[in-house]
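This is the structure I want to talk about, given as C-alpha cells.
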Amino acid sequence: MIEDLSRLLELQVQDREADQLRRRAEAIPKETAKVLGDVETVKAEVALRKKELEASQKRRRDAEHEVGRLDGEIQKLQGQQFLLKTNKDFAAMTREIDLLKEKRSDLETQVILLLDSEDEFVGAVRRAEKEFEAVTAKASAETSRLDSTLAGIRADLERVLEARARLTEKLAPELRSRYERIREGKHGIAVVPVVKGSCGGCFTALPPQRINDVRLGAKVLACEGCGRLLVWSGDGAEVI
Ligand SMILES: [Zn+2]
C-alpha cells in the first residue's frame, strides 16, 4: 500500500504539473492575439492618417480647380466688358468681376492654408508608418518567441503525460479511479499529508488511531471531512 500511496503522490505531482502546463499553453494564444491586436491598432492609425491627408489634398485640389474656373470666368467677363455700351452696364460688370476676384483671392488663401496643413498630415502619416514598422517588427519577434514557448510547453506536457501513463500502469485500477474521482471533485488535490494531526486538505482534526494507521501505511485511508486520501510524510511535511 505504501508503494501505491507514493505512486499516487507522484501521479499527483505529474497531474499538477500537467495542469499548470495546460494553463500556460492556454494563455499563449491570448498573448499572441494581444500582440497582433496592437499591430492592427497601429495599422488603423496609419489608414486614418492617410485618409486625413487625402481629404486635405482633395479639398486643396478642389479649391485650386475653383480658382482656375474663376480665372476663366473673370477673363471671359473682362473680354465682354469692352463690348458694353453704357457706363452703367460697364460699372455693373466691374462690380461682378471684383466680386469674382475677391472670391478667387479667398480661395487662394485657402489653398495656402491647406498646403500648410497638408505638411502636418504628411508628417502624421510618416510618424504612424514608422510606428507601424516598429510595432510590426516587435510583434514578429514576440509572436515567434510565443510560438517557441508554446512548442516548449507542449513538449514538456508530452513528457509529463508519458511519465503519468507509466505511473498509472503500475496502479491498481480501483485506486486509480478513486484518485481520479477525488481529484476531479477537489480541484486537483486528491492526496494530502497529515499536517499537525489534521488533514492537510481540509484541516479537519484526525483521530489518533487514524493518524497511526496512516503512518503505518497498511491501507489507503481517506479523510472523513473531505474524502481526500491521506499519506504520511512525517507530520507537517510539505508533499503537495
Ligand atoms: Zn480532509
Side-chain angles (χ1 to χ4, degrees), residues 1-38 138-139 141-240:
M1 267 312 142
I2 283 194
E3 291 84 40
D4 273 347
L5 282 170
S6 71
R7 276 186 202 122
L8 275 186
L9 265 182
E10 259 185 79
L11 185 62
Q12 181 160 280
V13 168
Q14 303 288 357
D15 276 340
R16 297 195 76 195
E17 199 181 339
D19 285 347
Q20 207 182 23
L21 289 167
R22 283 193 196 97
R23 276 196 296 274
R24 281 176 59 204
E26 276 167 24
I28 293 213
K30 284 175 207 151
E31 281 184 55
T32 307
K34 198 198 159 293
V35 170
L36 297 177
D38 289 347
K138 203 177 137 202
E142 188 66 4
T143 50
S144 53
R145 186 189 67 81
L146 287 168
D147 284 349
S148 65
T149 304
L150 186 59
I153 292 172
R154 281 185 180 143
D156 285 348
L157 184 59
E158 206 173 311
R159 189 177 44 73
V160 169
L161 292 178
E162 277 166 17
R164 186 191 192 278
R166 281 195 298 276
L167 273 170
T168 51
E169 272 167 28
K170 293 177 195 154
L171 274 174
E174 313 85 62
L175 190 58
R176 188 175 139 187
S177 53
R178 193 171 168 195
Y179 164 85
E180 300 283 7
R181 210 169 45 245
I182 302 170
R183 190 177 128 77
E184 209 163 295
K186 298 289 171 191
H187 311 292
I189 308 291
V191 188
V192 288
V194 174
V195 180
K196 289 174 186 161
S198 299
C199 161
C202 70
F203 309 108
T204 299
L206 302 163
Q209 184 57 50
R210 179 155 291 239
I211 297 172
N212 207 34
D213 288 344
V214 173
R215 194 165 57 79
L216 292 172
K219 53 185 171 178
V220 177
L221 291 163
C223 162
E224 285 174 354
C226 66
R228 290 187 181 98
L229 306 176
L230 296 163
V231 289
W232 186 260
S233 65
D235 191 359
E238 191 59 53
V239 295
I240 52 168

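We count ligands from 1, going down the list as the structure has it; atoms in each ligand are counted the same way. Note that these values count all heavy atoms, side chains included, but never hydrogens, waters or copies made by symmetry.
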Note to self: Any side-chain to backbone donor/acceptor pair from Arg24 onto Leu150? Under 3.5 Å, distance only.
What the structure shows: no
Return all protein N, O or S atoms below 2.8 Å from the Zn ion (ligand 1), chain by chain in residue order.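 Result, waters dropped: Cys199 SG, Cys202 SG, Cys223 SG, Cys226 SG.
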Are the side chain of Arg228 and the backbone of Ala190 linked by a donor-acceptor contact shorter than 3.5 Å? no
Check: Lys138 and Asp38 side chains under 4.5 Å, non-hydrogen atoms: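 They are not in side-chain contact.
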Residues passing the salt bridge (charged side-chain N to carboxylate O under 4.0 Å, His left out) test with Glu180, sequence neighbours excluded, are Arg164
Closest non-hydrogen contact found for Val195 with Gly200 is CG2-CA, 3.9 Å
ask   = Between Arg23 and Asp19, is there a salt bridge with N-O shorter than 4.0 Å?
value =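 Salt bridge absent between Asp19 and Arg23.
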